[in-house]
Amino acid sequence: MLLLVLYFFIVIVVLQLVYYLFVFGKFAFAKSQKLTPKKISVSVIVCAKNEAENVTRFIPILAEQDYPDYEIILIDDASSDATLEIFEAFEKKYSNIRLVKVENNEAFWGNKKYALTLGIKASNKDYLLFTDADCYPASKDWITNMSSQFTMQKTIVLGYGAYEKVAHSFLNKIIRFETMLTAIQYFSWAKMGIPYMGVGRNLAYKKEEFYNVKGFIDHMQIRSGDDDLFINQVAKSNNTSICYLPESFTYSEPKKSFKDWFNQKRRHLSTARLYKPFDRIQLTLFYVSQLLFVLLAIFLLAIQYQWILVLSLIGFRYLFTWITLGFTSGKLKEKDVMYWFPIIEIVLIFTQFNIFITNIFSKPVHWK
């Protein structure tokens with residue numbers, strides 16, 4: 001029986017090897033991207049609900065992008081704070097800003113997809129670039145960098161939405177590690193020709209992609225998923241590109257408490273059950289293999305069964321994961337999280353398991 005457990009542990013280590021070296025390695029070991037600016041018209045779309053403080057800080061950064069032909073579509077989703085008034089002031093100040101006012105609609109109350117649909121329809125440009133109201137671009141060349149990855153065939157661009165660094169905060173390192181791990185997954189599968197998701201904090205696509213599938217109609221009843229469910233539906237091997245140039249990143253302020261972050265992740269993970277079958281299987285297999293690796297390693301070491309071999313396998317597994325994630329952290333400017341990698345990974349594995357169990361018994365709260 002113990003021998004079977006050991007064999008199963010070896011299988012898990014091999015499975016992790018396949019993921020980290022042969023799948024995630026597609027992104028981790030990829031060459032640096034080159035910037036080839038495109039002369040295309042872009043609509044930057046920002047949807048906000050009760051984000052007065054954030055939009056006051058971040059909209060001017062968007063309005064001062066160094067790009068020749070773009071507009072900003074500001075969508076106020078029936079805010080109850082001063083967001084609308086702030087948007088109206090920006091519309092008067094900047095000639096390239098247009099405002100879309102969303103009133104409460106009983107059928108779509110609190111549904112961000114409805115608000116985004118109105119904003120997309122109001123846009124005048126063929127290419128759409130999305131970010132959230134609590135995000136800001138890393139540089140004045142954000143639009144230039146993201147739009148550079150469009151071609152005649154590549155009509156979807158997946159970007160990286162990072163979180164700000166907070167000194168002396170272990171929670172911040174967990175949040176940024178999880179964000180990096182998510183990114184290496186969707187970037188790598190996209191490079192393999194099997195794109196499955198993107199993040200609304202930094203995402204671009206041609207408007208025709210939206211209209212080809214009648215927008216969000218197939219999942220309008222699901223509050224989340226304006227980014228990942230939409231990309232899961234429309235992204236294909238021949239129409240999807242990625243952008244990981246440092247100037248293309250966006251940044252958000254991370255959650256300050258574990259409870260707030262836990263609830264945020266519950267919302268993010270609630271849509272994964274609606275992905276295409278292959279995407280659900282590969283994601284489940286990866287996270288299950290992570291969990292089983294930790295549990296079996298603890299069990300086998302606790303009973304000291306073939307402990308030299310077990311320790312060797314554990315060391316080998318951490319070696320190749322550290323190499324892959326190390327290269328990734330360099331590309332995504334998250335190197336400092338790797339100093340805490342083994343501890344962060346274990347905390348994250350059991351947190352995600354907790355989220356999975358919690359979501360079974362209660363639904364997360366969406367949008368504001």
Side-chain angles (χ1 to χ4, degrees), residues 1-30 173-194 196-197 262 265 268-269 272-273 275-329 334 337-360:
M1 185 65 182
L2 289 178
L3 185 60
L4 289 177
V5 173
L6 177 62
Y7 285 157
F8 188 51
F9 182 63
I10 294 172
V11 170
I12 293 297
V13 172
V14 171
L15 183 58
Q16 288 270 290
L17 176 71
V18 171
Y19 268 104
Y20 277 98
L21 291 187
F22 297 100
V23 179
F24 302 160
K26 292 290 184 180
F27 173 72
F29 309 129
K173 289 179 173 59
I174 295 175
I175 291 172
R176 291 191 291 114
F177 179 85
E178 190 275 334
T179 302
M180 179 184 75
L181 185 61
T182 299
I184 191 178
Q185 292 180 79
Y186 68 75
F187 278 156
S188 297
W189 284 108
K191 286 187 73 68
M192 291 183 68
I194 314 175
Y196 73 91
M197 70 161 284
F262 185 85
K265 294 314 301 177
H268 291 171
L269 296 176
R273 61 184 177 82
Y275 289 178
K276 295 173 184 174
F278 176 81
D279 302 323
R280 295 200 306 271
I281 291 171
Q282 67 88 359
L283 284 170
T284 301
L285 196 58
F286 174 65
Y287 287 116
V288 169
S289 69
Q290 283 189 305
L291 178 62
L292 288 177
F293 169 78
V294 173
L295 294 178
L296 291 175
I298 293 173
F299 172 74
L300 290 170
L301 287 178
I303 63 173
Q304 298 185 7
Y305 181 76
Q306 296 287 340
W307 65 270
I308 296 178
L309 175 58
V310 171
L311 275 179
S312 299
L313 290 169
I314 293 172
F316 177 59
R317 187 268 181 184
Y318 276 112
L319 176 63
F320 64 71
T321 54
W322 208 309
I323 291 172
T324 302
L325 292 177
F327 275 92
T328 300
S329 66
E334 306 283 11
V337 302
M338 292 305 299
Y339 297 122
W340 295 86
F341 160 57
I343 299 174
I344 291 176
E345 183 188 43
I346 292 173
V347 172
L348 188 60
I349 287 171
F350 287 103
T351 299
Q352 289 172 322
F353 181 73
N354 192 3
I355 290 172
F356 172 75
I357 298 300
T358 304
N359 278 0
I360 291 176

In this structure, CG of Leu300 is separated from CG of Leu309 (nearest 0.5 Å) by 9.0 Å

On a heavy-atom basis, the closest approach of Ser188 and Lys26 is O-CB, 4.2 Å

Sequence neighbours excluded, the answer for side chain to side chain donor-acceptor pair (under 3.5 Å) partners of Lys265 is Glu178, His268

Here the gap from Asp279 atom CG to Trp189 atom CH2, rounded to the nearest 0.5 Å, amounts to 8.5 Å

| query | Looking at side-chain heavy atoms only, is the closest gap between Leu269 and Phe356 below 4.5 Å? | reply | no

Correct closest heavy-atom pair for Met338 and Ser329 would be CG-OG, 3.6 Å

- Is it true that atom CZ of Phe278 has more than 12 heavy atoms of other residues, nucleotides or ligands lying nearer than 6.0 Å? yes

query: So do Ile349 and Phe293 actually touch side chain to side chain, heavy atoms under 4.5 Å?
result: no

Value for CD1 (Ile10) from CG (Leu17), rounded to nearest 0.5 Å, stands at 13.0 Å

Scanning both residues in full, the closest heavy-atom pair of Lys191 with Ala30 reads CE-CB, 3.8 Å

Correct closest heavy-atom pair for Phe353 and Leu291 would be CD1-CD2, 3.9 Å

Practice task
Please test Val288 against Ile12 for side-chain contact (heavy atoms from CB on, under 4.5 Å), starting from the C-alpha separation and ending with a verdict.
Solution key: CA-CA 9 Å; Val288 169; Ile12 293 297; over 6 Å; no

Distance col, row Met1:CE vs Leu3:CG, nearest 0.5 angstrom, shows 11.0 Å

side-chain contact (heavy atoms from CB on, under 4.5 Å) between Gln185 and Leu283: does it pass, once the steps are laid out? CA-CA 9 Å; Gln185 292 180 79; Leu283 284 170; 3.5 Å; yes

Between Phe27 and the options Tyr186, Phe187, Phe22, Phe327, the ring-ring contact (aromatic ring centres under 6.0 Å, His included) test singles out Phe187

Rounded to the nearest 0.5 Å, the CD1 atom of Ile357 sits from the CD1 atom of Ile360 at a distance of 4.5 Å

Show me the donor-acceptor pairs within less than 3.5 Å that the side chains of residues 315-322 make with the rest of the protein, sequence neighbours left out.
from	atom 1	to	atom 2	distance (Å)
Arg317	NE	Gln16	OE1	3.0
Arg317	NH1	Glu345	OE1	2.9
Arg317	NH1	Glu345	OE2	3.2
Arg317	NH2	Gln16	OE1	2.6
Arg317	NH2	Glu345	OE2	2.6
Thr321	OG1	Arg317	O	2.9
Thr321	OG1	Tyr318	O	3.1

Residues Ile175 and Thr179: closest non-hydrogen pair is O-OG1, 2.8 Å

- Phe24 vs Tyr19 aromatic rings, parallel, tilted or perpendicular, using cut-offs 30° and 60°? tilted

Practice item. Apply the test side-chain contact (heavy atoms from CB on, under 4.5 Å) to residues Phe177 and Leu325: give CA-CA distance (whole Å), side-chain angles for both, the deciding distance (0.1 Å), then the verdict. Key: CA-CA 10 Å; Phe177 179 85; Leu325 292 177; 3.9 Å; yes

CG of Leu295 to CZ of Phe9, rounded to nearest 0.5 Å, is 10.5 Å

Taking Tyr20's backbone N and O only, do any of them form a donor-acceptor pair with Thr324's side chain (distance below 3.5 Å, no angle check)? yes

* To do: Output, in order, the C-alpha distance, side-chain angles, deciding distance and verdict of side-chain contact (heavy atoms from CB on, under 4.5 Å) for Ile174 and Thr351.
  => CA-CA 10 Å; Ile174 295 175; Thr351 299; over 6 Å; no

Exercise for review: Please indicate whether Phe350 has more than 12 foreign heavy atoms, meaning atoms of other residues, nucleotides or ligands, lying under 6.0 Å from its CZ.
Suggested key: yes

- Task: Answer yes or no: does atom OH of Tyr287 have more than 12 heavy-atom neighbours from other residues, nucleotides or ligands under 6.0 Å?
- Result: yes

